[in-house]
Amino acid sequence: MDSKILYTDGDIDRLARALEQSEALLPSRINADPENVERGLVKLVLTLIELLRQLMERQALHRIEAGSLSDEEIERLGETFLKLTNRMEELKVVFGLEGEELNLDLGPLGHLL
Amino acid sequence: MYAVYLYAIQLVKHGLPADLAGIDGAALRLVQCDELAAVVSEIQQAPDVRELPAILAHELAVETLMASRCVLPVRFGTVLSDERAVRSLLAHHELAFRTDLTRLDGCVELGLRALWRSDGAAPAPAEPDVPSPLSAGRRYLEGRRQVLRQEQHLLARATAISEQLHAALDPLVRAAVVRRCRDAQTAVTASYLVERGDIGSFRSALGDLSAVFSEVQLLCTGPWPPYSFVSTRSDGQ
């Protein structure tokens with residue numbers, strides 16, 4: 001194959017490094033082997049929980065910025081989200097999942113998270 | 001047991017170039033259904049996305065075909081159980097495949113990335129520190145707020161870049177898929193469907209753009225088979 005670089009105005013090494021990072025974006029599919037199906041399912045469930053967690057967190061931040069929460073409520077929310085995040089990290093370790101794996105490629109809509 | 005690996009879909013009348021081999025050096029052949037044909041080879045098991053030789057063999061086969069006819073490139077790793085499944089796929093999507101073959105005739109895909117210059121991805125201007133000491137819960141929320149703010153800042157700048165790209169490049173292309181990114185490396189990634197004859201003007205338009213872009217550097221690759229512009233998503237097994 002010929003060179004596939006049609007145009008660039010940048011430092012080629014840096015561009016190459018950026019492309020290497022994109023390797024992680026290759027679509028990974030849920031493997032339907034009996035031994036792996038459990039992990040696939042866990043991944044899907046954790047992805048959805050992560051989505052909800054992030055949505056709730058954003059909602060909380062909006063409400064804080066809008067000034068509609070008391071100091072005590074902010075404190076409680078902060079602690080709850082902190083615990084949720086820590087718990088999620090523990091679950092990821094237990095199931096051997098990396099942060100980026102908890103995402104879904106929605107095609108033209110981009111990524112879920 | 002052997003399965004059938006798919007490379008591309010084309011019209012029967014174009015035949016196959018002589019001596020074109022596929023993954024593991026397997027011979028390519030056509031599986032026909034009326035005027036449509038799938039270019040396939042036999043394979044023992046579906047290749048993994050990390051198998052570089054297999055990826056290169058797939059791409060080489062598709063690009064060799066693309067040089068002499070319009071093909072619909074099939075996504076790497078698509079395997080069907082047997083020829084009957086291939087024929088049924090062709091029959092099932094006949095109209096969509098024929099429409100795509102007409103629409104994509106004479107066109108290639110070009111990939112474009114706009115990457116933040118190392119000094120360009122400057123963080124959003126820092127806000128004055130909230131009086132400390134903060135409790136753990138508050139500190140956590142404050143940290144999250146900063147991260148989201150940074151992401152929004154990057155996204156807003158990426159939006160500006162993608163609008164400039166749109167204004168300069170859209171007159172030269174048949175179709176475009178543009179994605180804004182929120183990470184510190186990449187501002188925008190895009191795929192363009194370009195007529196072969198317009199590749200030169202596309203490239204010089206990029207030269208003009210790079211003269212006005214101070215925040216990003218551009219990397220354009222191709223020509224590629226029009227993977228991003230095939231309308232049918234036919235999943236293998």
Side-chain angles (χ1 to χ4, degrees), chain A residues 1-29 31-33 53-54 56-65 69 71-86 100 105-111 113, chain B residues 46 49-50 55-56 59-60 63-64 75-77 110-118 134-145 148-149 177 179-183 185-186 189 194 199-200 202-207 209-211 213 216-224 228 233 235 237:
Chain A
M1 273 178 259
D2 301 330
S3 160
K4 284 297 190 181
I5 295 186
L6 194 70
Y7 177 88
T8 179
D9 58 1
D11 162 15
I12 206 76
D13 289 333
R14 190 172 165 264
L15 296 172
R17 282 198 301 278
L19 284 181
E20 270 172 26
Q21 292 195 334
S22 70
E23 228 177 304
L25 300 177
L26 283 174
S28 57
R29 297 184 173 180
N31 195 329
D33 287 346
R53 189 186 69 78
Q54 289 193 18
M56 280 160 38
E57 208 172 75
R58 278 167 205 236
Q59 178 70 12
L61 288 170
H62 282 309
R63 289 185 61 186
I64 292 170
E65 281 183 8
L69 294 175
D71 279 0
E72 199 185 322
E73 284 172 322
I74 295 176
E75 186 54 45
R76 269 213 319 273
L77 274 175
E79 267 179 38
T80 309
F81 283 122
L82 179 59
K83 279 181 187 159
L84 266 176
T85 306
N86 292 341
E100 281 301 306
D105 181 359
L106 299 178
L109 297 176
H111 287 88
L113 297 178
Chain B
V49 286
R50 287 175 290 266
I55 294 177
L56 288 177
E59 185 61 19
L60 186 62
E63 291 197 20
T64 307
R75 177 171 170 159
F76 173 79
L110 302 180
L112 183 67
R113 270 164 191 272
L115 299 152
W116 297 118
R117 290 187 182 278
S118 42
L134 288 176
S135 63
R138 280 205 170 231
R139 213 166 39 234
Y140 171 77
L141 283 178
E142 183 54 29
R144 289 298 300 156
R145 201 171 69 83
L148 289 178
R149 232 177 116 253
V177 179
R179 302 168 212 85
R180 295 166 306 160
C181 304
R182 282 179 297 183
D183 65 75
Q185 292 266 338
T186 315
T189 65
V194 181
I199 295 179
F202 189 91
R203 183 167 27 195
S204 49
L206 291 181
L209 272 172
S210 92
F213 279 152
V216 289
Q217 49 194 33
L218 300 174
L219 171 65
C220 179
T221 60
W224 303 106
S228 306
R233 304 268 165 219
D235 278 323
Q237 291 165 4

Chain B contact via A/I74 - which portion, at a heavy-atom distance below 4.5 Å: both

So, using side-chain hydrogen bond (donor to acceptor under 3.5 Å, both in side chains) as the criterion, who are the partners of A/T80 when residues are at least two apart? none

Do any N or O atoms from the side chain of A/T8 and from the backbone of B/L218 form a donor-acceptor pair under 3.5 angstrom? yes

Can you list everything that forms a side-chain contact (heavy atoms from CB on, under 4.5 Å) with A/R63? Sequence neighbours excluded, please. A/Q59, A/S68, A/L69

Quick one: what part of B/L206 sits under 4.5 Å from any heavy atom of chain A, side chain, backbone, both or neither? both

Answer with side chain, backbone, both or neither: which region of B/L112 has an atom nearer than 4.5 Å to a non-hydrogen atom of chain A? neither

Flag side-chain contact, heavy atom, 4.5 Å: [X] against [Y]:
{"X": "A/Y7", "Y": "B/S204", "value": "no"}
{"X": "B/T221", "Y": "A/L6", "value": "no"}
{"X": "B/E63", "Y": "A/K4", "value": "yes"}
{"X": "A/D71", "Y": "B/R138", "value": "yes"}

Less than 4.0 angstrom from a charged side-chain N to a carboxylate O is my criterion; do A/E65 and B/R145 meet it? yes

Pick from A/I64, A/L82, A/L77, A/T85 with the largest number of heavy-atom pairs that fall under 4.5 Å of chain B: A/L82

Which value, rounded to the nearest 0.5 Å, describes the distance between A/K83 atom NZ and B/Y140 atom OH? 13.5 Å

